[in-house]
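So that the names make sense, note that chain A is the first sequence line, chain B the second, and so on, each numbered from 1.
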Amino acid sequence: MRHENATRTVILGVAASDAHVVANQLIAHSLRAQGFTVVNVGACTSVAEFADAYSWHPEAEAVIIGSLNGHAYEDLQDLPAARAQGLLDCPVILGGNLSVGSHKDASDAERFRALGVDAVLSDPELLPATLDQLRTRAPQPLAAS
Amino acid sequence: MRHENATRTVILGVAASDAHVVANQLIAHSLRAQGFTVVNVGACTSVAEFADAYSWHPEAEAVIIGSLNGHAYEDLQDLPAARAQGLLDCPVILGGNLSVGSHKDASDAERFRALGVDAVLSDPELLPATLDQLRTRAPQPLAAS
Amino acid sequence: MNDAAPPPETSELPTLAESVAYVRELGKPTAAEVLHTARATGRVALQPRCGVGSHAQMMTLLRDLEQHARPDILTLTIDSHTRLKRFDNARAVLLRNSAELNGYPLVTHGWQRGRELNEAVAAPLEVRHGSPDARLLFETSVASGITSFEGGGISYNLPYSKAVPLSESLAAWRDVDALCGELAGRGLVVDRELFGTLTAVLVPPSISLAVSVLEAVAAAREGVRCISVAYPQGGHFEQDVAALRAIPLLAASYLPEGVEVHAVLHEFMGVFPKERSHAEDLILYGALVARLGGATKLITKTYLEAYGIPDTRANIDGLLASRANSPLLDFIALDEERVGSELDWILQEVAEIVEPVLATTDLHKEIEAAFAEGRLDIPFSASRYARSEVIPRRAPDGAIRYLSPGLLPFSDRTRRRNEESLATTGRSTGLGEMVKGLTSDVNHFLNVFGESPAAAS
Amino acid sequence: MNDAAPPPETSELPTLAESVAYVRELGKPTAAEVLHTARATGRVALQPRCGVGSHAQMMTLLRDLEQHARPDILTLTIDSHTRLKRFDNARAVLLRNSAELNGYPLVTHGWQRGRELNEAVAAPLEVRHGSPDARLLFETSVASGITSFEGGGISYNLPYSKAVPLSESLAAWRDVDALCGELAGRGLVVDRELFGTLTAVLVPPSISLAVSVLEAVAAAREGVRCISVAYPQGGHFEQDVAALRAIPLLAASYLPEGVEVHAVLHEFMGVFPKERSHAEDLILYGALVARLGGATKLITKTYLEAYGIPDTRANIDGLLASRANSPLLDFIALDEERVGSELDWILQEVAEIVEPVLATTDLHKEIEAAFAEGRLDIPFSASRYARSEVIPRRAPDGAIRYLSPGLLPFSDRTRRRNEESLATTGRSTGLGEMVKGLTSDVNHFLNVFGESPAAAS
Ligand code: B12
Ligand code: B12
């Protein structure tokens, strides 16, 4: 089982239409500083490219997707298909600024879970703890604010 | 007839509850500079005091009342009675900021005419012309903006 | 509740002891405490003006302001009938149509309603009015648990009434101040703000400050412990900054130790530009004067100033004024040399005005006599009891100077300096010319913004 | 009109001649004319950002902004699908729910609708986007009669895409610039704004300006006649003022005569404080940078910046930004010595970066090679085609310096100065420490206002 590997690997990237990388790069640095191996596929990464990266790194314990430009929902339209085809067989974590506009809807997270996202986060500091929890395969998908 | 007097006299003052005198003093100076004799009874002048001043200066061709604090209507409640009793037997001109609040009602002037005000003005520069017109005793009470 | 109707009967005022206990139980800081903290933390405390006739609407207004604008101190502005003790008129208008009152008739509503207002908000309240004789209003305020009260025997007489002798108003305010002294003895320090704003229009800084010094000395003698010296923004940056900076220096020179003195700026009180963006430029400008002058408190204006009493929205919208506390403006440097020279000038003029008066034994008598003789004077007095022989003008750079100091006991040096700074303004060649020039100075900010002086409405 | 649906068929673009004639008939000034007038009259032209997916809502938005905020130039911000030529996605979202688009998909709506927008308002429009290859978008803009177009082969590639080689984007933008040259020949000067903002976060001024100099030289060679050099407010007053003041000097050094160059400030583009009053402090601060730096134009932010695309109200509420043009702020003095030393520093660094590149014969090739080798570089590149070995940090006073200049060809003197100014910041003792420090620098204004960095929403 990959959980017993000495080093833990994650795939990190930004959604397909989104070029915001500052948080992405800081998160990568920070996870590395905490001992993770980070495969950072960076900005403008489609679901297909995430699946690709996963095929090269099946040891990854999660795919972590950032989205800031408000287009997360459209950018993840292919996620259900990819997951159904088993192309992304690990937890998917999503974080950032997930919809357009300044007034966010609390039900937003639901939409993403319906697409096959396992956890919606806003604070990257919660990533390690979330990764730990997902490892224990809690039966309920986890939501943090 | 007083109209043929060489000097023209007016009574000038500010309504009973009102202490704003800057405009009052500038108007007094300015009418004087234009040759008028100005009896300036100043701030906080009740209708009774205006009548008093008129009794001492029956040659006055008009009483000019300023009001800025928004209380003009209450301050002139005694005007109909004074006029009915013949205590203010000359045109009454009213000017300034005549109601409370920042959004003025165009029908305001009507209320004052009903109290016995002959002309409601806002720009003091119009005073000489208004005085001239009132002298010719136009049959209709005159309104200027 | 019929919000307009005054309570059926006027009820006895509580005792001072009861009122002091009430303030203690209220569980909010006093105005003096808020000011003290503001100064200690280098903030400018913010205070909007507000007052409407109806009690219910006054409650709403205070709550809305507190919720949305988070002011440090809130205001009860009193209507002008109450100010002049025309209580019957206040009651009549309140019953007829409370919207026609230009302020809150606290005496008519009574102290129980005052307490309701006080309990509705977390910020301490100040009563702002303009009463030559405010004794009943003050007692009602204290009974309401209100911890700041504006006015003074000179500054709430000369601009606000025509025929009240100074002896009367000074005596009435001595009573108010003495009551403050008694309250201080009982542990409740009431902030007494002195209305250096006077007639607000073209007030030379040294006149504003001289009147405040005299009132402050009188108040301190009665035991007042917290004095806010209000100065009206005149419109010239360095002059206004210097005037604010003069306040602690004057306090050190003329007031006993143990009296806490705060500089307060009243945002420009003269003819305001009508266009919203112009008004807002001016409001920000005032905020920066307060900040750089080191004011403890700023009384704000709204973009509706030129039109009339502002609506709640405009009063909430204190965006510009609150920039006074921006942590990002430390880069602003000033022409400190100019500020310094204005400061010297102001201190010199104030000394020449107040020192002869303070040198006498009966301060009240001397103030009255000095005004009668023009040794003390203010421009545009509403009252007969000041001569208003002082004629202010703006120098070409906008600073307010004495075109004529009237009978103020100025030294030759002071006279010369004023004359020189107005040299190009030109002595009036006739009344018409002088009035034109004065009017244009009154309309200073209309000129700056290219607005026409035609009345707003 | 079904506002969301794109026109049934994509229709032929009009000829250039037709578009030039259309602009002439439109009867409004071009962006270049507005900028020219602003500079001539000493005003800072104001421009809000705005773009929504629906055509009808875009019309309303532009009209509302024009009516209430009276901007000098208006914006069409393009959605990020269109930016990346994901036209199918843009169309899909537009049909599904136009509110989910983060900008106006102009190509999808088509040039006729572009003209409708243009005719709806009196201010000229600028298209702002972020497209490595903007040719179709540019042609659609020109056909819409839009007279200002943002971007450049470096600045709209590296921050906006991952895998577009610089040779491609530079070639695409050469086409855009050449078309501008042709339009200029036909009498229509299109303003070309260069996106010196880059990745917006902790961009050292000399990197921003160096990239703009290179893009400006490239654009001028193709015949572009009006160039706006955009600089992103970094947060340190004197450094930002110096950067703006550097722009005309750089233009004089590196650009041919006859090209009109304007300095443009982008209000702070990094992590914005969340509390409204803090955001507003920052907006005013930016306005003052623009004013004192002599910017011709200011691109404004709103108090909702930290949350997401602002609603119309927030965007109209440009109260703070418009203070850039207050006639009352001439009293503000600066630490001119500090500004001067920052200016020297910036000019020196820019020279060291651009001069080797400009000395070569094939500018595009050299730019590509220099980025590949790190002789040109930007921090936080989204693209693989820059190395991002540059590491910026803030000095204790908030100025942005090079913790590591990566492979930039800096002189020893420049390196030393940067090192010295960061001496107390401490070389990172480990990756964790460095990331912490960098994150804290990114969150600079949260720290200033004492806000916690937890994400807004
Ligand atoms: C810098 C910036 C840019 C730069 C990006 C440069 C680059 N390549 O990285 C540039 C100028 C290029 C840019 C472009 C655009 N931007 Co932008 N940008 C910003 C800005 C100002 C700062 C973002 C940033 O770097 N912050 C620093 C990092 C450290 O913090 P952060 O990104 O906010 O992320 C925090 C959280 O969201 C979270 N987080 C982020 N990612 C992840 C991932 C995971 C897994 C987790 C758990 C958490 C997490 O952690 C971070 C720390 O708290 C923000 C507004 C703001 N002031 O916050 C707008 C903003 C994000 N941009 C926005 C938009 C819309 C755009 C554009 C589409 C243009 C437009 N229409 O306005 C284009 C995007 C083009 C594209 N294809 O995506 C909007 C998003 C709107 C929305 N969601 O409603 C914002 C919010 C601005 C606004 N108020 O309108 N932008
Ligand atoms: C200076 C001033 C004061 C000074 C007055 C000093 C004095 N004794 O003169 C002080 C500080 C004492 C003061 C007090 C009060 N004021 Co006051 N004051 C002003 C201020 C700032 C300037 C007025 C002024 O002197 N302007 C200069 C002169 C030359 O112009 P003017 O007065 O505007 O007059 C013009 C026209 O109205 C017209 N005009 C004036 N009189 C006349 C007469 C005639 C016959 C004609 C034809 C034309 C005319 O001509 C002038 C030139 O265009 C105005 C607001 C403003 N910025 O305009 C508020 C203002 C007039 N005050 C106001 C109020 C309410 C008060 C108070 C009741 C306090 C309060 N609740 O806020 C007290 C009044 C006390 C009382 N008993 O009346 C309100 C009136 C509100 C309303 N109508 O809705 C105003 C508009 C402020 C506001 N926006 O709330 N005030």
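Ranked by heavy-atom pairs shorter than 4.5 Å toward chain C, the options D:Leu328, D:Asp335, D:Ile332, D:Leu334 are led by D:Leu328. The candidate with the highest count of non-hydrogen atom pairs below 4.5 Å against chain C, out of D:Gly235, D:Ala333, D:Gly398, is D:Ala333. The residue among C:Leu284, C:Val448, C:Leu329, C:Asp317 with the most heavy atom pairs within less than 4.5 Å of chain D is C:Leu284.
Both the backbone and the side chain of C:Leu282 have a heavy atom closer than 4.5 Å to some heavy atom of chain D. Residue C:Arg276 touches chain D through its side chain alone, counting heavy-atom pairs closer than 4.5 Å. Heavy atoms closer than 4.5 Å to chain D are found nowhere in C:Asp330, neither backbone nor side chain.
The pair D:Glu66-D:Arg70 fails the salt-bridge criterion, with no side-chain N (NZ, NE, NH1 or NH2) lying under 4.0 Å from an Asp/Glu carboxylate O. A salt bridge does not link C:Asp441 with C:Arg401: none of the charged nitrogens is closer than 4.0 Å to a carboxylate oxygen.
Annotation: residues 289-305 of chain C contacts chain D through C:Leu292 [non-hydrogen atoms, separation under 4.5 Å].
Side-chain atoms of D:Glu451 and D:His278 form a donor-acceptor pair, as typed in the model, at a separation below 3.5 Å.
Annotation: C:Phe268 is in aromatic contact with C:Phe445 [ring centroid separation under 6.0 Å].
The shortest distance between side-chain heavy atoms of C:His236 and C:Arg338 falls below 4.5 Å. A 4.5 Å side-chain heavy-atom check between D:Leu202 and D:Leu438 finds at least one atom pair inside the cut-off.
The shortest non-hydrogen separation linking C:Leu265 to C:Gly286 is CD2-O, 3.3 Å.
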| said: Determine whether D:Asn418 and D:Glu349 satisfy the following criterion, side chain to side chain donor-acceptor pair (under 3.5 Å), listing intermediate values before the conclusion. | reply: CA-CA 11 Å; D:Asn418 274 288; D:Glu349 288 180 0; 3.0 Å; yes
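Residues passing the ring pair (Phe, Tyr, Trp, His ring centres under 6.0 Å) test with D:Phe237 are C:Phe331, D:Tyr285, sequence neighbours excluded.
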